[in-house]
Each structure stands twice: as structure tokens, then as C-alpha cells.
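In what follows, a single structure is set out as C-alpha cells and then discussed.
Side chains included, hydrogens not; waters and symmetry mates left out as well; all remaining heavy atoms used. Residue numbers begin at 1 in each chain, while the letters A, B, ... track the order of the sequences.
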There are 2 protein chains.
Amino acid sequence: MSRAAPVFKALADPHRREILRLLRAGPRSAGEVAAALPISKATLSHHFNLLKDADLVRCEVRGQARIYALNTSVVEDVTALLLDVLGRAPARSEP
Amino acid sequence: MSRAAPVFKALADPHRREILRLLRAGPRSAGEVAAALPISKATLSHHFNLLKDADLVRCEVRGQARIYALNTSVVEDVTALLLDVLGRAPARSEP
DNA sequence: CGTCTATTTCGATAATCTTCGAAACATGTC
DNA sequence: GACATGTTTCGAAGATTATCGAAATAGACG
């Protein structure tokens with residue numbers, strides 16, 4: 001199971017949540033995502049790094065572009081993390 | 001539906017997640033929670049405020065103590081927020 | 001009322017986070 | 001190789017956050 005801290009940290013920023021919503025519609029290049037958000041490419045790249053660290057997105061190099069995509073196995077993982085915090089099963093500590 | 005920002009912000013801090021895990025076992029006074037965490041009562045009070053703003057916990061005054069409890073309707077709400085970001089059906093929790 | 005206990009609020013500090021422009025890096029094309 | 005395009009990394013500024021001790025508030029009780 002993924003570590004909780006990077007995931008919750010990644011979800012804490014509204015721009016990063018917007019990026020994830022965009023990627024739901026399908027993979028996008030960094031430039032395409034940048035065009036849809038009111039932030040610089042440098043800032044966007046920083047957000048992508050955090051999302052990658054949390055394993056929420058995957059990156060694939062294609063030509064001179066980088067294509068980002070939602071990590072498909074992520075929903076079940078994050079739901080499990082959520083249940084670890086809010087659910088009724090016995091508590092487990094996080095790393 | 002609850003606003004997403006305060007909820008995700010509240011979940012971003014490990015101490016706050018630990019507080020929520022503690023409250024899963026049942027309501028606790030602020031002092032009881034403070035005794036279980038390595039932070040000052042002032043800091044804990046600050047965390048409780050954020051958790052209340054996010055509607056993740058409820059507070060009830062009993063005598064001179066304040067009893068905090070998990071907001072029971074919270075799991076479904078937060079799961080909905082998560083789906084708004086990640087967009088797929090969740091794994092069902094145990095009844 | 002005075003005091004004790006439980007908790008919050010205040011004020012300040014340190015750490016973390018977001019953000020940007022500029023420079024560096026990578027990759028494709030001529 | 002030279003150049004253009006897409007993206008990342010660097011370095012720094014500004015905002016937000018976590019944290020604490022001290023002071024303030026709230027309720028119980030003699």
C-alpha cells in the first residue's frame with residue numbers, strides 16, 4: 001500500500017486537484033495542462049513532481065513532450081488510505 | 001456537498017490524521033487527545049479548529065471539558081470529494 | 001467570590017509551500 | 001553542428017502553516 005503522507009499532501013493543493021480532474025479525461029502533455037491552468041510551467045512542473053512522488057500520476061516520454069496520465073490503480077489505494085483514517089476497521093500507524 | 005479545500009487541507013497533516021484515527025475509537029476530550037500526541041495543547045487546539053472547519057469532527061461541551069467526536073456522516077462525504085478528483089467508483093467499506 | 005481544572009486565544013518564530021523568471025536540459029529537425 | 005520546441009531545474013520572494021509559552025476564557029465547586 002502507498003504511504004499516506006505524500007498522497008494527502010498532493011491532494012491538499014487546489015491546482016493539483018484540478019490537474020487530476022483534467023487527467024481523468026485522458027493523458028495530457030505538460031504543455032496542454034499548462035495551457036488549461038493559470039500558473040507558470042515551472043510551477044506546474046513542481047506540482048507534477050509532487051503528484052508523481054505520491055504515485056497519483058505516471059509520466060511517459062513521447063518525442064520531446066512528456067505525457068502525464070492518472071495512475072489507474074490509484075482510486076482503490078486512496079480509498080484504503082481514507083478508510084485507514086476515517087473508517088471503522090482497527091487503526092494502523094503510518095510510516 | 002462539503003467544500004473540498006478545507007477537507008483536503010485538514011487531511012494533509014499527519015497529526016490531524018492521527019487525531020481522526022484516535023477518534024474512530026470513540027469520542028475523546030481535548031486533554032485525552034493531547035495526552036496521546038507529542039504536541040502542546042495550544043497546537044492541538046489549532047488542529048481541532050481546522051478539523052471543525054472541515055466538518056470532520058464535532059465538539060460538545062460537557063462540564064469543563066470539550067468532547068470531540070468524528071462526524072459520522074463524513075466518510076461518504078469525503079469519498080464523494082475524492083471521486084470528484086479521481087473519478088471512479090470506490091471500493092465499498094465493510095458494513 | 002476565589003480557586004482549581006480544562007481548554008482556547010494571542011503573539012511570535014521557524015519551517016514549509018507556492019510561485020515566478022531565468023537558465024539549463026532534452027529531443028527532434030534542418 | 002545549429003537551431004527550435006517542450007519541459008525541468010535553479011534560486012529567490014512571498015505566503016501559509018505548525019508550533020510553542022504565556023495570557024485569557026469558561027465552567028465546576030467550595
Side-chain angles (χ1 to χ4, degrees), chain A residues 3-23 25-71 85 93-95, chain B residues 3-23 26-71 85:
Chain A
R3 286 156 309 140
V7 173
F8 286 117
K9 270 286 206 276
L11 290 172
D13 182 85
H15 284 147
R16 287 194 290 269
R17 293 197 298 275
E18 192 58 40
I19 293 169
L20 293 172
R21 282 195 203 87
L22 269 172
L23 294 183
R28 296 268 194 283
S29 74
E32 285 172 324
V33 175
L37 292 179
I39 59 179
S40 75
K41 299 192 172 193
T43 301
L44 185 69
S45 196
H46 163 73
H47 287 318
F48 274 134
N49 275 333
L50 294 188
L51 289 169
K52 266 192 296 184
D53 288 349
D55 208 33
L56 290 170
V57 304
R58 294 262 160 85
C59 183
E60 176 194 351
V61 179
R62 269 240 288 237
Q64 56 218 44
R66 276 156 186 80
I67 310 294
Y68 285 93
L70 256 190
N71 182 349
V85 175
S93 61
E94 59 183 289
Chain B
R3 289 153 307 135
V7 172
F8 286 118
K9 272 281 206 279
L11 290 172
D13 184 87
H15 284 147
R16 287 195 289 269
R17 293 198 296 276
E18 193 57 40
I19 292 168
L20 292 171
R21 282 197 202 86
L22 270 172
L23 294 183
R28 296 269 196 282
S29 74
E32 286 171 324
V33 176
L37 294 179
I39 59 179
S40 75
K41 298 192 173 193
T43 300
L44 185 69
S45 197
H46 162 74
H47 287 317
F48 274 134
N49 276 333
L50 294 188
L51 290 169
K52 267 192 296 185
D53 289 348
D55 208 34
L56 291 170
V57 305
R58 294 260 158 85
C59 183
E60 175 193 354
V61 178
R62 269 237 289 236
Q64 58 218 44
R66 278 158 184 79
I67 310 296
Y68 286 92
L70 255 191
N71 182 350
V85 174

Specify the separation, in whole Å, of atom [atom1] of [X] and atom [atom2] of [N].
X: B/Asn49; N: D/dT17; atom1: CG; atom2: P; result: 14 Å
X: B/Leu44; N: D/dT17; atom1: CG; atom2: P; result: 18 Å
X: A/Lys41; N: D/dC10; atom1: NZ; atom2: P; result: 19 Å
X: A/Glu18; N: C/dT18; atom1: CD; atom2: C1'; result: 17 Å
X: B/Leu51; N: D/dT17; atom1: CG; atom2: C1'; result: 14 Å
X: B/Asp53; N: D/dT16; atom1: CG; atom2: P; result: 16 Å
X: A/Phe48; N: D/dT9; atom1: CZ; atom2: P; result: 13 Å
X: B/Leu37; N: D/dT19; atom1: CG; atom2: C1'; result: 14 Å

Taking the nucleotide of DNA chain C with the closest heavy atom to each, which residue, B/Ser45 or A/Gly63, is nearer the 5' end?
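Closer to the 5' end of DNA chain C: B/Ser45.
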
Over all strands shown, is [X] touching base, sugar-phosphate only, or nothing at heavy-atom distances under 4.0 angstrom?
X: B/Ala42; value: base
X: B/Arg16; value: sugar-phosphate
X: A/Ile39; value: sugar-phosphate
X: A/Leu50; value: sugar-phosphate

As an exercise, state the distance from CZ of A/Arg58 to CD1 of A/Ile67, rounded to the nearest 0.5 Å.
16.0 Å

Can you tell me how far the CG atom of A/Asn71 sits from the CG atom of A/Leu51, to the nearest 0.5 Å?
11.0 Å

Heavy-atom closest contact (A/Asp53 atom, A/Pro6 atom, distance):
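Heavy-atom minimum between the residues: O-CB, 4.3 Å.
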
Of the nucleotides [options], which one has an atom closest to the side chain of [X]?
X: B/His47; options: C/dG21, D/dA18, D/dT8; answer: D/dA18
X: A/His15; options: C/dT19, C/dT7, D/dC20; answer: C/dT19
X: B/Arg66; options: C/dT8, C/dC20, C/dG28; answer: C/dT8
X: B/Gln64; options: C/dT27, C/dT5, D/dT8; answer: C/dT5

Under 4.0 Å: is that the gap between some side-chain N or O of [X] and OP1 or OP2 of [N]?
X: B/Ser29; N: C/dA6; result: no
X: A/Thr43; N: C/dC20; result: yes
X: A/Tyr68; N: D/dG6; result: no
X: A/His46; N: C/dC20; result: no
X: B/Lys9; N: D/dT17; result: yes

Short side-chain to backbone donor-acceptor contact, A/Arg17 and A/Leu11, under 3.5 Å:
yes

Can a donor-acceptor pair be found, under 3.5 Å and without considering hydrogens, that links the side chain of B/Arg16 to the backbone of B/Lys9?
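Yes; judged by distance alone, with no hydrogens or angles, the pair exists.
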
pair B/Phe8-A/Phe8: side-chain heavy atoms closer than 4.5 Å:
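Answer no - side chains too far apart.
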
